[in-house]
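This report refers to the structure that appears directly beneath it.
Just so it is clear: chains get the letters A, B, ... in the order the sequence lines come, proteins before strands, and each one is counted from 1. The model shown is predicted, which means the values in this text are computed figures rather than measured ones.
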Number of protein chains: 2
Amino acid sequence: MPPEKQRRLTPAGKRVLDTASELFYREGLHAIGVEGIAQAAGVTKKTLYDCFGSKDDLIAAYLRNRDERWRSWLTGFVDRQGGAPSEKLLSTFDALAQWQQKENARGCAFVNALAELPDTANPGRAVIAEQKTWMLEYLTALASEASLPAPATVARRLFLLQEGALAAHGTGVPGDAMEFAKSTAAALVDTAHRIPDSGEGR
Amino acid sequence: MPPEKQRRLTPAGKRVLDTASELFYREGLHAIGVEGIAQAAGVTKKTLYDCFGSKDDLIAAYLRNRDERWRSWLTGFVDRQGGAPSEKLLSTFDALAQWQQKENARGCAFVNALAELPDTANPGRAVIAEQKTWMLEYLTALASEASLPAPATVARRLFLLQEGALAAHGTGVPGDAMEFAKSTAAALVDTAHRIPDSGEGR
DNA sequence: GGATAACTATACCGGTAGGTATATACGTTT
DNA sequence: AAACGTATATACCTACCGGTATAGTTATCC
């Protein structure tokens, strides 16, 4: 399947989405206004509203777009690295570290968005839940391929560790959160063979 | 030392701080305005500004206040539980779970605040850094008391795990993040005895 | 009884928020 | 040649933002 995932966006619409993605992540959802986004994208507010309808919908589109980029980056990275299934499980930590390095290191965009979207009815909330669910499932699938005795348990452990590493990388405490998370993950995978098999997994 | 930590606040000032604490955490820093806080506290805007000077300073006061409440809750909980040092290390996870249960379960207030305070010069940023640093040091001290071969390593591992559990509890994925984090911590402490001692720790 | 501190009430400031209206221009497509 | 989609420019709406100013009230302390 070619990367033809674009949601049929006009050139101006794409510019708005790209600009919004950067500004929302860097400045925060409430801190930047639609006027500022339109201006930075070289587009009038009218065009922005024609393409996205409302700010909340633009926020949801931003989260969806970021999730897509993250998924393709992550799966591409893991496939490129190759190696044994258990090594793939660990290389997700390298993918995360490099992703944060090329981005603005402000932690998890979805956790940050959640902090600004207390209303469960907000369209962005569903995207956030989807992103986290997908990530956990992806780790579970990798853990299954590695034929560990309790794949779902290992996956959840590594998932928690990644969430923590992302948050810690944002706050800067401890300074080496990313590398450190990987070594912890390695320790967890190593001891995973001793987890009693409770018949869980997929 | 008696709990005489109050920063000499007038009754109206205390009401403002309590109200702001709840609203900032529940709604978000930018989502609620000073007018709304003053109104909810039954106070005029003048009084609020006489007591706190600016919204940014009120935010910093909120974070400081919450950090103080958290520290005394955590240390009190751990001391009350008692047990062997390694059991104390694990009971921090119970403290965290119960803390989130009695609060509004919106994840870590400091991580959430960070998401809305991109400016490193904001007075709140220093409070966030302090909170995370203190927490890591507290875990390191407990790990030292447990005479584990590499206390700083175990502490950082558990720290990452707690950060992750907090974030995951906020997003709701996985559903049982809190209990699950504790069992993972138990596994980490259990294998900690096999960590090669690199002469670190305190 | 006079000063001081803690407070209320109200009105105001410039700026910006999200969102809408109207009218115009440029290409394609048909 | 007409119609449509994409975009522009500009002006406007109501509502609220953080913050300030002025004046008056209440209670306590010395």
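Considering CD of Glu130(A) and CG of Asp67(A), their distance stands at 7.5 Å, rounded to 0.5 Å.
A donor-acceptor contact shorter than 3.5 Å is absent between the side chain of Glu116(A) and the backbone of Glu116(B).
Taking a heavy-atom distance under 4.0 Å as the criterion, the stretch of DNA chain D touched by chain A extends 5' to 3' from dT6(D) to dA9(D).
Ring geometry for Phe77(B) against Trp73(B) counts as tilted: the plane angle lies between 30° and 60°, on a 0 to 90° scale.
Other residues, nucleotides and ligands contribute more than 12 heavy atoms inside 6.0 Å of the CD atom of Glu145(A). Around CD of Gln39(A), the count of heavy atoms belonging to other residues, nucleotides or ligands within 6.0 Å does not exceed 12.
Between Thr10(B) and dC7(C), a side-chain N or O to OP1/OP2 separation shorter than 4.0 Å is present.
Taking the ring pair (Phe, Tyr, Trp, His ring centres under 6.0 Å) definition, one finds that Tyr25(B) meets it with nothing, sequence neighbours left out. Considering only residues two or more places apart in sequence or on other chains, Phe24(B) meets the ring pair (Phe, Tyr, Trp, His ring centres under 6.0 Å) condition with Tyr62(B). Applying the side-chain hydrogen bond (donor to acceptor under 3.5 Å, both in side chains) test to Gln81(A) and every residue at least two apart in sequence or in another chain returns nothing.
Residues Asp57(A) and Ser54(A) have side chains that bring a donor and an acceptor to within less than 3.5 angstrom of each other.
Residues of residues 33-52 of chain B that place a heavy atom closer than 4.0 Å to DNA chain D, in numerical order, are Gly33(B), Val34(B), Lys45(B), Lys46(B), Tyr49(B).
Between Glu103(A) and Arg69(A), at least one side-chain N (NZ, or NE/NH1/NH2) sits under 4.0 Å from a carboxylate O, which counts as a salt bridge.
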Query raised in the report: Once each nucleotide of nucleotides 25-30 of chain C is scored for protein heavy atoms under 4.0 Å, what B/S/- sequence comes out, 5' to 3'?
Result: ------
